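Residue numbers start from 1 in every chain, and the chains themselves are labelled A, B, ... in the order their sequence lines are given, proteins ahead of strands. Only a predicted model underlies this, so the values are computations on that prediction, with no experimental measurement involved.
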2 protein chains.
Amino acid sequence: MVDVATTSAVETPIPDLGDGQALVQVQYLSIDPTIRTWMDDVPSYRPPIGLGEVVRSIGGGEVVESRSDRYKVGDRVVGMTGWQEYCVADEGLESMSVVPAGLDLPVAMNVLGVTGITAHVGLLKIGAMKEGDVVVVSGAAGATGSMVGQIASLKGASQVVGIAGGPEKCTLLTGTMKFDAAIDYKAGDVARQLLELCPEGMDVYFDNVGGEILEAALADLAMHARVVMCGAISGYNAMERPHGPSNLYNLIVKRARMEGFIVSDHMAEWGAIQAELAGWLLEGKLYHSEHIVEGLDHAPEALNLLFTGSNTGKVLVKVS
Amino acid sequence: MVDVATTSAVETPIPDLGDGQALVQVQYLSIDPTIRTWMDDVPSYRPPIGLGEVVRSIGGGEVVESRSDRYKVGDRVVGMTGWQEYCVADEGLESMSVVPAGLDLPVAMNVLGVTGITAHVGLLKIGAMKEGDVVVVSGAAGATGSMVGQIASLKGASQVVGIAGGPEKCTLLTGTMKFDAAIDYKAGDVARQLLELCPEGMDVYFDNVGGEILEAALADLAMHARVVMCGAISGYNAMERPHGPSNLYNLIVKRARMEGFIVSDHMAEWGAIQAELAGWLLEGKLYHSEHIVEGLDHAPEALNLLFTGSNTGKVLVKVS
C-alpha cells in the first residue's frame, strides 16, 4: 500500500512551450500496478521515480495550446502525463497519441490503451495462444485480466478460467464476461480447483499476481504450456520479497516456458492491435468497465485500490 | 541421498528371447541425476520406478545373443538397460542404439550420449545461444555442465562462466576446459561475483541446480535472456520442496524467458548433434572425463556422488 503522505500536491507555474511542444490539460490518469514498482528505489525496466519528482503515470487530456504540427488545440491525447493537471507533450520518443474522434477518453484509455494492448500482446504473442487452448488468467476481474479472458474466447480458446477474489467478481466473470469458469481464491484451495476444472492442464497461464496463485498454476500445466509473466501484484508492497514457487521443476517435466514482457517493447504492433480491439468494441463483444475516482488528490488512494482488490475494471482518476 | 538399503540385489533367471529381441550383457551404467527423481512417488515426465522394479537407467553393453535383425552378436549398444547385468533389447520405441566401432563405450556414453546431447540441445536450441553471447552454467564441472561451457566456447560465446563447488573444480574449468571464469559457490556470494564478472548480465543461463544459485543468476540477466531449466539437483533429495527464487519478477524487467526441456523430445536431431560432437571429439576440442565406479552393487553410492558433488565428469558404473 502507498501511504497517502508519500505524495504531496505542489503548485508550480504552467510551463512555457518550446517549438514542437503542446500544453495538455490532463483529464484522466491511468492507475496501473506498475506505478507502485516505480516507487521502489530498485532498478527496474524504468528508473525509480525520484523523491520530489512528479509521479510517473499514463494519462489522457486535451491540448489547450500548441506550438507543434503534431498536436492541434482540442485534440484529445494519451501518453505519459504524470500525476499533474497540465503537462507538456512533445514530438520525441514519448510523444502522445491522439485519440480518434467519437471515442470516449476513459474507454480509449482502457480497452485501446496499455490495458487492452497488454492483454493482447501477452496472450497472443508471448503466450502464443492457439485455437483450442485452455487459458487461465489470474487477477481476472482486473482491467488487464478481464481483457485477457475475453480475447481468449474471441480467439477460440476451448476453455477460459479466471481467478479472482470474491463471489461478485466471479459472477461478473462467468456472467457478463462469459468466462467458462471462475475460481474465487478467497474461498478455497486454488490448486485443487484448477486441477478439477482443467484436468488436462492449462496451455496458457497469464499471470498478473505471482505468489501462491502462480504456484498453484505451475502445478497444473499442460505439456508445452506457456506461462505469461505480466505482473506480480501480490509482491509489490511486500517489505521483503516473498519466496518464489517451490515447483519451478514442473517447467522441466512439462517442457514449459515462462516469459516476461513489457508492452512498450511491442509498439510497432500497437496500431494493428488497437484496430482489432476497436472492431470488437464496436461490435459490442468486449465488456469493459472503468472505475473512476474523482480528484487528483485521490490518486494515491486510487492506486491502493489495485492492491486491496476493491476495484473491478480499469481504475482511472478524473483530474477535474 | 539414496539410502543404500533402498535397493537390493536380486537374482533372477536370464530371460528367454522372443522374435526381434536380443540379450545384452550390461557393461556400464550411466548414472544421471534424473534417476533420483524417478525414485519419488510423484508424477514426472516418466512414471516413478515401482517398488520391486529394476532401477531405470541408461546403460551400455554387448549383444551376446540375438533373434533380431537389428542387433548382431558382438554389437555394443546403449539404451535403457536398467541396473542389471543382463537386459533384453527389442525393436520397439525404446530400442537401443548401436555404438560405432572404434569408439570407447564410456566415452560414447558420455559425450555422444544423453549427457552431450542434453548440453547441445539445451544450450543451442532451448537457450538459442548466439555468437557473442555471455553464457553462465551451474553444475559446471558435472558431466552436462562441462559440455555446455565447452560447446558455448566452440560456438563463439563472448564469455563463458562456470559455477562449481571447490577450488579444484574451478581450476579444471578455467585451465583444462578453458572457461573464461569460474565461481566457487562454496567460497562466497555467487550473486555478487556474477554481477562483477558479467556486469552487462548473462544472455544464457544454463541451470543444472536450481535453488539459491538460480536466484543469484536471475539477479544478473541481460535483456531478453534465456534461462535453460535442465535440472534442479539442489532440490532432488529435499523432504520438502525448497522455496523458489524470490526474484522471478526479473523475468518481466528483463523480458526474459525460462524454459524446461527433456532431451528425449528431440530425438529427431540426435544424429546430427552426435555427428557434430564426434567431430569436436576427434579434433581433440572437447575435454571429457569419466568417473568410473566399479561394481553393480555400488550403483546407489555412485548416484549419491552426484548429490555430494564429489565427482567430476560423467559418473558410470562398471558392472563387471
Interface moiety of I126(B) toward chain A, non-hydrogen atoms closer than 4.5 Å: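 Nothing of I126(B), per the 4.5 Å heavy-atom cut-off to chain A.
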Is atom CD of E200(B) surrounded by more than 12 heavy atoms (other residues, nucleotides or ligands) closer than 6.0 Å?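 For E200(B), atom CD is not crowded (no more than 12 foreign heavy atoms under 6.0 Å).
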Between D32(A) and S30(A), does any side-chain donor sit less than 3.5 Å from a side-chain acceptor? yes
Identify which part of D265(A) has an atom lying under 4.5 Å from any heavy atom of chain B, answering side chain, backbone, both or neither. side chain
Restricting to ring pair (Phe, Tyr, Trp, His ring centres under 6.0 Å), what partner residues turn up for H243(A), sequence neighbours left out? H243(B)
Can you tell me which of N247(B), N250(B), L248(B) forms the most heavy-atom pairs within a distance under 4.5 Å of chain A? L248(B)
Within the distance-only criterion (no hydrogens, no angle test), does the side chain of R56(B) pair as donor or acceptor with the backbone N or O of W38(B) below 3.5 angstrom?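 Looks like no, no N/O pair under 3.5 Å.
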